[in-house]
Protein chains: 2
Amino acid sequence: MSQYSSVSDGADRTAGKSGPKTERGRRTLRKLLDAAGEEFGLRGYHEAAISHITQRAGVGLGTFYVYFKSKEEVFRALVADMGARTRHALSESVKDAPNRIEAERLGIRAYLEFVRTHKSLYRIVMEAQFVAPESYREYYRAFSEGYRQQLTQAAARGEISKGDDEARVWALMGASTFLGLRYGVWQDNADIAAVSEAAADLMINGLAPRVKKGDAL
Amino acid sequence: MSQYSSVSDGADRTAGKSGPKTERGRRTLRKLLDAAGEEFGLRGYHEAAISHITQRAGVGLGTFYVYFKSKEEVFRALVADMGARTRHALSESVKDAPNRIEAERLGIRAYLEFVRTHKSLYRIVMEAQFVAPESYREYYRAFSEGYRQQLTQAAARGEISKGDDEARVWALMGASTFLGLRYGVWQDNADIAAVSEAAADLMINGLAPRVKKGDAL
DNA sequence: GACACACTTGAATATTGACTCATGTTTCAA
DNA sequence: TTGAAACATGAGTCAATATTCAAGTGTGTC
């Protein structure tokens, strides 16, 4: 069960010029990526040791450097992979939503579930802020770009209010991220359905007291 | 101009039993904390070197270990100090708000400004997630506790809607944190007033289309 | 079956920087 | 004035580990 079966063909892998040439090579690369994901997720970037990664993968120490130029490179590959997987999971979970409001509901819920089942990947992305800042920014740039388009189009359709979509996207991403940390990683037995309902309600209706039928406007 | 003039008397400092005994000692401790804040903020925990900290502070290398047991300890002291300062700045900026809705508005704005003028402290807190997880959790535990009480009381007064305040607090903290990163740290020439207005609007009114006078309910 | 290329290996290297310690200096109370 | 406690110092110790490299083994093709 390969955690990272989607081996991204980043331009900067070593092993010859552009990825392994043989089946054996592809297997080894996949084993290394999986092992690196486990090791970084469990111990964090600085505590992680290349020798542990190769042991987990069941290959010799030197083999690592056939496939990656450095410890940082494999980390960056992992962050990029994680970004693609997260975006994919979210767009899948939201694709049948009848409108943006409903998509937000589904998205929050799906994100919390994704975090819970991919704790170590979550950690890797967060730590990228310090280990590989460029990868981190790229992760959120890509994410926010797609998200912003969704909001802008929905606003044009009248499904949501108009507003500064860049700022709203960052606020929404931040909210989900922190909820993921609090309820997905730290307290991983919380009732995710209830939490995501509460969060979705906040994001959709805000904190303001509800306008009820018959209230003066 | 001491960045960290509020030297917290954490129980675990070295130098005898509980902090410096003489004025000279207090001055040296303050210089070390200031220097450590600069160094960690600029280079991050792992790139930071004790020797750089002592050079910045203008003291000998050995002096560091008179005041701190380890690199990690000074980092933890910094995170705790940062927490106290952030909470203080925010509660100050919000104390004259006539109601919770207005307090949220002011709070977001004040937070973005605080982050922009304390970029390095922001970085230190974020990195604590990986360097000193206990300190990080304590930072947010303390923060969220106060925040949650405010929300709960405001809800009882009818100033805001009722809801799962723990979840709402985490969503709100996350939103502010990400906005701080995006507009306070990364793009530090953004129009903070406009961004915080947009963010406050989202948090107060949500994404839902506005109910206008005369709309059917 | 033999050449070439892809891949594997782990002992040895090299760097780095946190932390110790033995010694020296300053402060201050009596 | 003096003794003890507080403080200051930086050369040297030491462990950790990322990375290199020279010597292999496997795989496929003509």
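This structure is a prediction, so every number in the text was calculated from the model and none was measured. We name chains A, B, ... by the order of the sequence lines, and we start the count at 1 in each one.
B/Thr28 has a side-chain polar atom (N or O) that falls below the 4.0 Å cut-off from OP1 or OP2 of D/dA8.
In this structure, B/Lys21 places its NZ atom 16 Å from C1' of C/dA29, rounding to the nearest Å. Note: CZ (A/Arg27) to C1' (C/dA6) measures 13 Å, nearest angstrom. Rounded to whole angstrom, the span from the CD atom of B/Gln55 across to the P atom of D/dG10 amounts to 10 Å.
A salt bridge is defined here as a Lys NZ or Arg NE, NH1 or NH2 lying under 4.0 Å from an Asp or Glu carboxylate O, and B/Asp34 with B/Arg56 fails to meet this definition.
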Can I get a per-line list of side-chain donor-acceptor pairs under 3.5 Å for residues 121-128 of chain B, giving both atom names and the distance, sequence neighbours left out?
residue	atom	partner	partner atom	Å
B/Tyr122	OH	B/Thr177	O	2.9
B/Glu127	OE1	B/Tyr45	N	3.0
B/Glu127	OE2	B/Tyr45	N	3.3

Please table the atom pairs, donor to acceptor, closer than 3.5 Å between any side-chain atom in residues 132-140 of chain A and protein atoms at least two apart or in another chain.
residue	atom	partner	partner atom	Å
A/Glu138	OE1	A/Arg141	NE	2.9
A/Glu138	OE2	A/Arg141	NH2	3.0

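Annotation: A/Glu47, atom CD; neighbour count of heavy atoms from other residues, nucleotides and ligands within 6.0 Å does not exceed 12.
Listed by chain and residue number, nothing satisfies the salt bridge (Lys or Arg N to Asp or Glu O under 4.0 Å) test with B/Arg116 (two or more places apart in sequence, or in another chain). Residues satisfying the side-chain contact (heavy atoms from CB on, under 4.5 Å) criterion with A/Asp165, sequence neighbours excluded, are A/Arg148, A/Leu151, A/Thr152, A/Arg168.
Rounded to 10°, the angle separating the first-five-pair axis and the last-five-pair axis of the helix from C/dG1-D/dC30 to C/dA30-D/dT1 equals 10°.
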Open item on the list: I need a per-nucleotide contact map over nucleotides 14-30 of chain D, read 5' to 3'. Cutoff is protein heavy atoms under 4.0 Å; write B for the base, S for backbone only, - otherwise.
Closed with: ----SBB----------
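The B/Val59 side chain lies nearest to D/dT9 when the options are D/dA8, D/dT9, C/dA6.
When every heavy atom of B/Ala199 is checked against every heavy atom of B/Leu179, the shortest pair comes out as CB-CD1, 3.4 Å.
Checked options A/Phe178, A/Tyr111, A/Tyr147; the residue passing with A/Met173 is A/Tyr147 (criterion: side-chain contact (heavy atoms from CB on, under 4.5 Å)).
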